[in-house]
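Order of the sequence lines sets the chain letters (A, B, ...), proteins ahead of strands, with each chain counted from 1. Here the structure is a predicted model, which is why all the values come from computation and not from measurement. All heavy atoms count here, side chains included; hydrogens, waters and symmetry mates do not.
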Amino acid sequence: MDRGMVLFVGALLTFTSSWLGLVLFPFWQLQNQPPYRSEPTDDPYPRPLQGLAWVGMKVYQQSGCMYCHSQQIRSDRFGNWWEEPIGMMRTGGDIKRGWGLRRTVPRDYIYDYPTMLGTMRTGPDLSNVGSRYSALWQHIHTYNPRAFNNWSIMPSFAYLYRKEKIVGSRSEKALPLGREWTVHPGYRWRPSEAEWELILREQGTYILTSYLAETPQPDNLNLATLQGKRQLLEYWLATPEEDWQLVPTPQAEALVAYLLTLRKAEYPLPEAKE
Amino acid sequence: MAVNVLTRDDHRLQAARHRASIDLSCRGPVLAFCTTALFWLLVGSALALIASIKLHSPYFLTGSSVLTFGRVRMAHLQAVALGWSSLAAMAACLWLMCRLSRVELTYPRMLYVACALWNIATTLAVGGILLGDGTSVEWLDAPVYAQPFFVAGVGLVAGWVAATFRRRQESHVYVTQWYILAAVFWFPWLYTVATLMIFWTPVTGVVQPVINWWFNHNFLGLWLTPIGVGTAYYLIPKILGRPIHSYYLSITGFWALALFYSWAGMHHLIGGPIPAWLATASTVGSMMMFIPVIAVAINHHMTMIGYFHRLKYSPSLRFTVFGAIAYTAVSFQGSIESLKDFSEVTHFTHYTVGHAHLGAYGFVAMIFFGLYYYMIPRLTGREWASSRLIRLHFWCSAIGITLYFTTLSIAGWWQGRMLNNPNVPFANIIAYIQPYLALRSIAGILMTIGHIAFAILFIVNIAGWGRLRTAGPTLFVEPVQQHTPEVATSVPYLRPQSVHLHQ
């Protein structure tokens with residue numbers, strides 16, 4: 001046989017073997033899983049994403065969230081840790097960290113497209129994040145994660161929020177954040193000593209009045225001292241900007257709606273019991 | 001006696017003329033692939049740096065959707081894997097196929113079209129991802145509209161390679177040709193099947209990641225690895241001027257790779273919501289990979305033995321041998337990484353990222369750098385302008401990838417250990433890995449400096465500003481004359497290209 005032919009047939013056969021084994025066979029094994037009902041009258045689980053949550057999934061997808069956040073819970077026998085004197089332990093870290101109540105199984109993903117299992121845990125797993133946090137928490141955290149966790153290295157998604165001048169009264173959707181976080185969206189702002197002096201000269205009395213009005217037991221704050229000025233600055237930074245508000249764009253609303261639907265690891269499925 | 005010597009020289013001269021005419025015919029198309037590949041290397045390096053810095057300094061370039069971490073990371077992967085590595089791989093296919101088949105390059109226009117299609121695809125991929133069309137399917141992040149261009153581009157190259165092989169004037173089929181033919185046959189199939197089953201007629205749920213990882217692992221294993229190993233199989237004996245150690249070992253290595261590598265991808269889903277037998281099958285495949293890797297390692301090492309001093313002189317050889325050693329290292333590491341106990345720690349950590357870069361950069365990119373340093377002067381007729389810049393490139397790349405790999409391996413290992421221990425708060429893990437991520441950025445800066453030196457050399461060469469190739473190659477240092485003076489001085493670069501390969 002011609003060498004070219006040997007090569008062709010050989011390359012074809014070796015590759016076909018893996019194609020059959022790793023692609024077609026799992027395809028055949030997992031392709032037609034129905035949603036689960038414990039009683040015939042129950043709502044089926046899982047359900048396809050709909051409406052806003054589906055749009056939010058697209059935001060999640062095109063922002064590459066899954067490159068830091070996985071969506072899979074491994075079993076409580078997965079994950080090893082050894083330490084003296086106990087030796088090797090199986091920790092089941094995913095479940096013990098509170099990321100999910102049980103391991104995830106293929107059926108949890110039958111409506112996912114794309115299925116973003118994730119490859120990396122620079123951030124925590126999100127399979128079940130919908131049960132952990134409120135919409136407001138998600139909004140503030142998406143806007144700037146360091147508003148909650150100063151150690152966080154997650155990017156700020158401030159570009160999903162719009163800073164606008166307040167016309168009339170503040171919007172209900174506006175993020176309740178201090179000016180520290182809103183003056184430069186995406187960053188943490190703090191005036192320099194000189195700037196703070198300038199601000200104090202212009203609005204000092206106003207800020208002090210509102211401080212005294214809002215603090216239940218105002219201590220003796222002396223604006224002549226450096227310490228007093230710093231104390232007032234901390235208060236002022238935590239108050240919202242008077243004329244500006246930050247509102248979520250539709251994309252941000254959608255993303256948070258999607259995050260709230262992520263409850264993959266709690267509905268009891270028979271095959272996930274072990 | 002005298003007559004014999006004359007005829008041998010005659011034969012050699014004739015062979016050299018033939019090679020020169022082959023190189024001349026390759027010039028346009030191969031340089032088109034090489035130039036655009038280098039462009040994507042620079043784009044990819046810039047994206048890599050942005051992503052890397054963002055990971056330890058989250059306020060860097062924040063506030064723009066285009067440069068958010070997730071998008072930049074996807075774009076980086078497309079720019080370096082599909083842009084740089086694949087274009088350089090195709091350039092290698094074209095030139096090596098012509099040389100080893102001993103035919104001049106035909107249908108250049110077809111290749112220009114292929115190059116244009118592939119570059120359109122990469123532009124659509126990188127641009128589309130940055131503007132918000134990324135698919136978050138790792139390695140296949142390119143938007144759906146870029147995919148047909150990739151398939152058409154590589155399809156043309158595959159057809160051309162097959163046609164050139166059929167026209168071959170040399171009856172002996174060298175192992176490099178085996179690797180190239182197999183790679184251009186596997187890759188279009190792989191890419192088409194994966195995109196069809198994930199995007200065009202999507203399969204259900206977890207079957208997508210299964211196909212995804214089958215693709216990802218085979219992208220390295222059945223596309224970049226064969227061409228990289230094939231290139232090393234050509235360059236090392238060629239530069240040393242001696243035959244490869246064992247023909248049979250090289251064929252064994254080839255078939256073992258074909259059989260086992262394609263089974264190795266599923267350990268990336270270890271512990272995940274897939275049938276356990278899939279990960280086990282891949283662990284077996286990964287362990288069997290010791291066979292082809294050891295075969296290649298022995299073959300390259302035995303060829304190099306007694307000639308390691310040449311690393312002092314030859315830039316191409318130094319890059320290529322670095323790549324070949326990295327291939328052995330990264331493959332051994334990969335096999336061990338697939339073991340369950342090991343993987344339970346390193347899965348989902350930066351350890352995997354370090355491993356991937358040792359493969360894609362330490363092995364693949366370094367060998368292609370070696371190829372450039374060897375091939376480009378033969379195509380342009382110009383020598384490299386500065387051995388100092390080559391040295392800068394080598395050391396920046398070599399130290400850069402070593403530092404990169406070391407920092408991420410340490411950080412990833414402990415990240416994985418701590419992730420497995422639920423008593424360690426997440427904040428502590430982040431605090432622990434952050435300095436390592438900063439060191440990784442320094443490694444990235446080093447590598448980028450190397451790439452800029454490389455690009456300067458390349459541009460000077462292409463523009464025709466370098467010296468002509470009449471006085472022999474640009475070496476790090478002039479070789480010490482060990483044997484007879486005539487060998488080292490009169491034919492310094494004709495000699496290494498002697499007839500061994502073509503017997």
Working to the nearest 0.5 angstrom, can you tell me the gap between B:Thr204 OG1 and A:Phe27 CZ? 7.0 Å
Using heavy-atom distances under 4.5 Å, tell me whether B:Asn218 contacts chain A through its side chain, its backbone, both, or neither. side chain
Output for pair (A:Asp125 CG, B:Phe348 CZ), nearest 0.5 Å, gives 7.0 Å
So which part of B:Asp341 gets closer than 4.5 Å to some heavy atom of chain A, the side chain, the backbone, both or neither? both
Using 30° and 60° as the class limits, which term best fits the ring planes of A:Trp151 and B:Phe426: parallel, tilted or perpendicular? tilted
Beyond-backbone contact of B:Val206 with A:Leu30, side-chain heavy atoms, under 4.5 angstrom: yes
With respect to chain B, which residue among A:Pro145, A:Gly118, A:Pro124, A:Cys65 yields the maximal number of heavy-atom pairs within a distance under 4.5 Å? A:Pro124
Atom pair CG/CD1 of B:Leu437 and A:Ile153 - distance to nearest 0.5 Å: 6.0 Å
Please classify the contact between B:His347 and chain A as side chain, backbone, both or neither, with a heavy-atom cut-off of under 4.5 Å. side chain
Can you say whether A:Asn144 sits under 4.5 Å from chain B via the side chain, the backbone, both, or neither, judging by heavy atoms? side chain
Let's test your reading of the structure: which of A:Tyr67, A:Tyr109, A:Trp19 forms the most heavy-atom pairs below 4.5 Å with chain B? A:Tyr67
Could you check which of A:Thr104, A:Ile110, A:Thr119, A:Leu117 has the highest count of heavy-atom pairs closer than 4.5 Å to chain B? A:Thr119
With the side chain counted from C-beta on, respond yes when B:His350 and A:Thr122 share a heavy-atom pair under 4.5 Å apart, and no when they do not. yes
A:Gln33, part contacting chain B, at a heavy-atom distance under 4.5 Å: neither
Just do the side-chain contact (heavy atoms from CB on, under 4.5 Å) check on B:Phe165 and A:Leu7 with the steps written out, would you? CA-CA 12 Å; B:Phe165 181 71; A:Leu7 183 68; 5.6 Å; no
Is there side-chain contact between B:Pro273 and A:Asp108, with at least one heavy-atom pair below 4.5 Å? no
Considering only heavy atoms, which portion of B:Ile429 lies under 4.5 Å from any heavy atom of chain A: side chain, backbone, both, or neither? side chain
Taking side chain as everything from C-beta outward and backbone as N, CA, C, O, which of these in A:Ser156 sits under 4.5 Å from a heavy atom of chain B? Side chain, backbone, both or neither. both
Contact origin within A:Arg146 toward chain B - heavy atom pairs under 4.5 Å: side chain
With A:Phe15 as reference, evaluate B:Phe185, B:Phe187, B:Trp214 under the ring-ring contact (aromatic ring centres under 6.0 Å, His included) test and give the passing residue. B:Trp214
Can you tell me which portion of A:Pro185 sits under 4.5 Å from chain B's heavy atoms? Options are side chain, backbone, both or neither. neither
With a 4.5 Å limit on heavy-atom distance, are the side chains of A:Phe25 and B:Leu278 in contact? no
In terms of heavy-atom proximity below 4.5 Å to chain B, should A:Trp28 be classed as side chain, backbone, both, or neither? neither
Do side-chain atoms of A:Gln61 reach the backbone of B:Thr135 as a donor and acceptor pair under 3.5 angstrom? yes
Can you say whether B:Val72 sits under 4.5 Å from chain A via the side chain, the backbone, both, or neither, judging by heavy atoms? neither
Bottom line for A:Ser127: the part with an atom under 4.5 Å from chain B's heavy atoms is neither
Euclidean distance, B:Leu257 CG relative to A:Thr14 OG1, rounded to 0.5 Å: 9.0 Å
Bottom line for A:Leu13: the part with an atom under 4.5 Å from chain B's heavy atoms is neither
Quick one: of A:Gln72, A:Arg188, A:Arg107, A:Gln62, who has the most non-hydrogen atom pairs under 4.5 Å with chain B? A:Gln62
Side chain, backbone, both or neither of B:Glu138 within contact of chain A (heavy atoms, under 4.5 Å): both
Atom group of B:Ala431 that falls short of 4.5 Å from chain A, counting heavy atoms: neither
Between B:Leu269, B:Leu131, B:Asp141, who has the most heavy-atom pairs with chain A when the cutoff is under 4.5 Å? B:Asp141
Counting only heavy atoms closer than 4.5 Å, note whether B:Ser64 contacts chain A via side chain, backbone, both or neither. backbone
For the side chain of B:Asn420 and the backbone of A:Asn80, is there at least one donor-acceptor N/O pair under 3.5 Å apart? yes
Between A:Ala158, A:Ser70, A:Pro155, A:Gly21, which residue shows the highest count of heavy-atom pairs closer than 4.5 Å to chain B? A:Gly21
Given heavy-atom pairs under 4.5 angstrom as the criterion, report whether the side chain, backbone, both or neither of B:Tyr261 touches chain A. neither
B:Gly63, B:Ala194, B:Pro275, B:Ala182: which one forms the most heavy-atom pairs within less than 4.5 Å of chain A? B:Pro275
Does any N or O in the side chain of A:Arg121 come within less than 3.5 Å of the main-chain N or O of B:Gln415, such that one atom is a donor and the other an acceptor? no
Shorter than 4.5 Å, heavy atoms on both sides: which option in A:Gln31, A:Lys96, A:Met154, A:Met66 has the most such pairs with chain B? A:Gln31
Spell out, as yes or no, whether a donor-acceptor pair under 3.5 Å connects the side chain of A:Tyr113 to the backbone of B:Ile198. yes
Identify which part of A:Ser152 has an atom lying under 4.5 Å from any heavy atom of chain B, answering side chain, backbone, both or neither. backbone
Tell me, with the steps shown, if A:Gln29 and B:Trp277 meet side-chain contact (heavy atoms from CB on, under 4.5 Å). CA-CA 12 Å; A:Gln29 193 182 8; B:Trp277 66 265; 3.1 Å; yes
Flag the one option from B:Trp189, B:Trp213, B:Phe60, B:Trp255 with the top tally of heavy-atom pairs under 4.5 Å to chain A. B:Trp189
Full working for side-chain contact (heavy atoms from CB on, under 4.5 Å) between B:Leu67 and A:Tyr159: CA-CA 11 Å; B:Leu67 293 180; A:Tyr159 61 84; over 6 Å; no
Would you indicate whether the side-chain heavy atoms of A:Cys68 and B:Phe69 approach each other to under 4.5 Å? yes
Against chain B, label A:Tyr111 side chain, backbone, both or neither, depending on which of its atoms sit under 4.5 Å from a heavy atom there. neither
In Å and rounded to the nearest 0.5 Å, what is the OG1 to CG distance from B:Thr68 to A:Leu160? 8.5 Å
Yes or no on side-chain contact (heavy atoms from CB on, under 4.5 Å) for B:Met266 and A:Leu22, after CA distance, side-chain angles and deciding distance? CA-CA 8 Å; B:Met266 293 307 134; A:Leu22 297 185; 3.9 Å; yes
For the backbone of B:Asn421 and the side chain of A:Arg97, can you confirm whether one donor and one acceptor N or O come within less than 3.5 Å of each other? yes
Can you tell me if CZ on B:Arg166 sees more than 12 non-hydrogen neighbours from other groups inside 6.0 Å? no
Atom pair CZ (B:Arg73) and CE (A:Met120), whose distance is rounded to the nearest 0.5 Å: 7.0 Å
With a 4.5 angstrom heavy-atom cut-off, is it the side chain or the backbone of B:Ser65 that approaches chain A, or both, or neither? both
Heavy-atom distance under 4.5 Å to chain A: side chain of B:Leu419, backbone, both or neither? both
Residue among B:Ile211, B:Val353, B:Leu181, B:Val203 with most heavy-atom pairs under 4.5 Å to chain A: B:Val203
Can a donor-acceptor pair be found between the side chains of B:Trp263 and A:Ser17 at a distance below 3.5 Å? yes
